[in-house]
Amino acid sequence: MDNKEVRVRIAPSPSGNLHIGTARTALFNYLFAKKNNGKYVLRIEDTDLDRSSQAYIQNIYDSLKALGLNWDEGPDVGGPYGPYQQSERFDIYPKYAQKLIDAGYAYECFCTQEELEAEKQESIKNKKPHVYSGKCRHLTEEQKAKYRAEGRKPSIRFHVPDSGETKFTDMVKGDLKFDNSLIGDFVIMKSNGTPTYNFAVVIDDMEMKISHIIRGEDHISNTAKQILIYEALGAEIPQFGHLGMILAPDRSKLSKRHGATAVSEFVEKGYLTEALVNFVALLGWSPSDGHEIKTLDEIIQDFRIHDVSSSNSIFEYDKLNWMNGQYIKKMDIKKLADLARPFLSMYDLSEMTEENYERMIEVTREPITILSDLVNDVKYFFGQDAEIEPDVQTKILDSEDGQKVLRYVVDNELEKWDFEDSEKLHEQLADLRAYFKEQGIKPKETMWAIRAAVTGRTHGADMVAILQILGKERSVRRIKAATK
RNA sequence: GCUCCCAUCGUCUAGAGGCCUAGGACACAUCCCUUUCACGGAUGCGACAGGGGUUCAAAUCCCCUUGGGAGUACCA
């Protein structure tokens, strides 16, 4: 190709928290930029002032940063082609609109909503595609003056050619073409003086020298309109790449009723941003070496936009959960311990030393898939007494073998257990298992008795660790309490 | 309605005419490991939507049908 600088952008609209789909689009843009030593720009598209809010803008910043998708230029960091927030760019769009009018590519339209609606209904009735008739295309100055006198404020429409095709080669979809006669003259400036989306993006992308536009395929049909504008302006047309959509398991659009949709919601539920990025990268792209667990940097190395799948993909939690579990398992323990804290706010963490807190996380991290699983899994580390589950009471603590083990432990072992030395304690438990094995009680049943007494459950973290974190006093207390 | 996109195991995907009796991952099942849950290991289950072409040869190319998705706004 050429050696022009690669510049991509992610342009979210702050009418909600950063959506997981937008995050994937951001990721692919980021990957493409990094892979090609390009620039990755963040632009906030808040043209619709009613639906936009500062809180959402902040959420977009925070989410993108948390995912590690840091931008080179943007509203907060600036850059050579700012401002990067559309609401601050309102003065530049009318100039370009006027330029198009002057060149004959656009015209003022005085049609009312009612007239437009009537046209549309007529088309539907005749089973024809509804395309604006273009009746304001050739208004005389007198007619315009008359409309103005009536108080009508014009919108500005782009004059789309009546024939021919608009085509482009999409980086992921291949050759695409649209029949101009079916596009219809579309509005570029609303009657209130603000630009429509299709106009604002083109102007902004053009001014910001965006070379490649990677976005969701819901924008495919907009592309024809946008190319027409680029051409009318005599601007260089960027390369486009349209990604398949992310769908819910029922093949509908991913929405709140399917669970979390915003990146921040996933984080609040206990998903790790590293896992989120990794998982979402695999929706539409696959690593060349078959190793799916990869860091952002590794993905950058392996990423090629032309390898991206052009079909939609379904967002299933199974694999995300598995992947999140993998990341939790491998994460630096100090980092994990810090991330886990907010999830454990219902417990009095000051009860235990920092060292014990970390060890508790270390020994409970293994089976969990999301951080919030910790809430339940860590419960028995708190409080003086164990909360015994009903089943555990009847099936284990009330059983003959269970009591036999506990009785023996209380009478002969408990005082000898070395809570300070984990290896010693480990051996002592092993000896206990061996002792009862000769009496026909399985090793796991021996341990169940102790586990049940100490934690009230049949499963959980390593027994030695539990006993040590709980400390001698509470461990002894719980075991004695369960012994009849 | 019209336009466009898409179509390999339940899901994410590999596959760019012969390497495919279609490979991997998640999920599921069984077994092994084991102080529990889990992790890990092994095995199994499981797909080229259907129909026509093209070709010596098609999951791969073309057409039709079907199914799914998107767009069709003075919303972005």
Side-chain angles (χ1 to χ4, degrees), chain A residues 11-15 45-48 50-52 86 109 111-113 116-117 120 123-131 153-157 170 172-174 176-179 182-184 186-198 200-201 216-224 242 244-245 247 249 251-253 279 282-293 307 309-323 325-326 329 364-369 377 426 429-430 432-433 442-448 450-452 455 457-464:
Chain A
S13 161
S15 53
E45 306 214 328
D46 57 345
T47 329
D48 187 345
D50 292 338
R51 293 202 298 154
S52 301
Q86 281 184 336
C109 170
C111 292
T112 62
Q113 293 295 352
L116 261 16
E117 184 58 25
K120 185 174 170 181
S123 306
I124 292 174
K125 209 175 85 186
N126 298 328
K127 300 194 172 186
K128 285 279 179 13
H130 29 273
V131 175
K153 292 243 188 304
S155 61
I156 298 174
R157 283 184 187 271
D170 191 279
V172 348
K173 302 271 187 191
L176 260 26
K177 61 177 182 215
F178 292 87
D179 194 336
L182 261 19
I183 296 175
F186 54 93
V187 173
I188 56 175
M189 290 293 289
K190 305 176 201 172
S191 53
N192 69 4
T194 62
T196 60
Y197 164 76
N198 277 313
V201 252
E217 72 172 32
D218 47 341
H219 285 292
I220 277 195
S221 56
N222 285 328
T223 308
H242 290 92
M245 308 265 79
L247 270 24
R251 299 195 158 276
S252 68
K253 189 181 274 180
F279 175 71
L282 261 24
L283 260 28
W285 175 82
S286 64
S288 59
D289 62 0
H291 288 123
E292 298 189 325
I293 304 268
D307 289 344
S309 159
S310 57
S311 48
N312 294 341
S313 42
I314 292 174
F315 190 102
E316 287 273 17
Y317 274 87
D318 281 341
K319 194 158 184 174
L320 204 216
N321 288 340
W322 165 77
M323 190 167 275
Q326 294 292 315
K329 212 164 301 155
T364 41
R365 88 212 283 198
E366 189 81 26
I368 70 171
T369 61
D377 290 1
H426 197 273
L429 288 177
L432 186 72
R433 262 173 264 141
K442 291 178 187 161
K444 70 161 97 169
E445 286 167 343
T446 303
M447 295 306 279
W448 264 334
I450 296 166
R451 183 178 293 281
T455 71
R457 303 183 182 181
T458 51
H459 56 256
D462 171 64
M463 226 27 249
V464 172

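Order of the sequence lines fixes the chain letters, A, B, ..., with proteins taken first and strands second; residue numbering starts at 1 for each chain.
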May I ask you to say what [X] touches in the nucleic acid, namely base, sugar-phosphate or nothing, with a heavy-atom cut-off under 4.0 Å?
X: His242(A); answer: nothing
X: Asp377(A); answer: nothing
X: Gly460(A); answer: base
X: Leu283(A); answer: sugar-phosphate
X: Glu45(A); answer: sugar-phosphate

Would you mind reading off the distance between [X] atom [atom1] and [N] atom [atom2], rounded to a whole angstrom?
X: Asp170(A); N: C6(B); atom1: CG; atom2: C1'; result: 13 Å
X: Asn312(A); N: C12(B); atom1: CG; atom2: P; result: 10 Å
X: Met323(A); N: A27(B); atom1: CE; atom2: P; result: 11 Å
X: Gln326(A); N: A25(B); atom1: CD; atom2: C1'; result: 11 Å
X: His426(A); N: U34(B); atom1: NE2; atom2: P; result: 12 Å
X: Leu182(A); N: U72(B); atom1: CG; atom2: C1'; result: 10 Å
X: His130(A); N: A73(B); atom1: NE2; atom2: P; result: 5 Å

Who pairs with [N] - Watson-Crick or G-U, where each distance is under 3.5 Å:
N: U21(B); result: none
N: C9(B); result: none
N: U35(B); result: none
N: U60(B); result: none
N: U43(B); result: A29(B)
N: G71(B); result: C2(B)

Tell me whether the OP1 or OP2 atom of [N] has a side-chain N or O from [X] closer than 4.0 Å.
X: Arg457(A); N: C37(B); result: no
X: Lys120(A); N: C2(B); result: no
X: Lys190(A); N: A73(B); result: no

*If you find the nucleotide of RNA chain B closest to Phe279(A) and the one closest to Ser252(A), which residue's nucleotide is nearer the 5' end?*
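Mapping each residue to its closest nucleotide by heavy atoms, the 5'-most match is Phe279(A).
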*Which comes earlier along RNA chain B counting from the 5' end, the contact point of Trp322(A) or that of Glu217(A), where each point is its nearest nucleotide?*
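Per heavy-atom nearest nucleotide, the more 5' residue is Glu217(A).
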_Nucleotide of G71(B), C12(B), C4(B) approaching Ser313(A) most closely (side-chain heavy atoms)_ =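 Nucleotide nearest to Ser313(A)'s side chain: C12(B).
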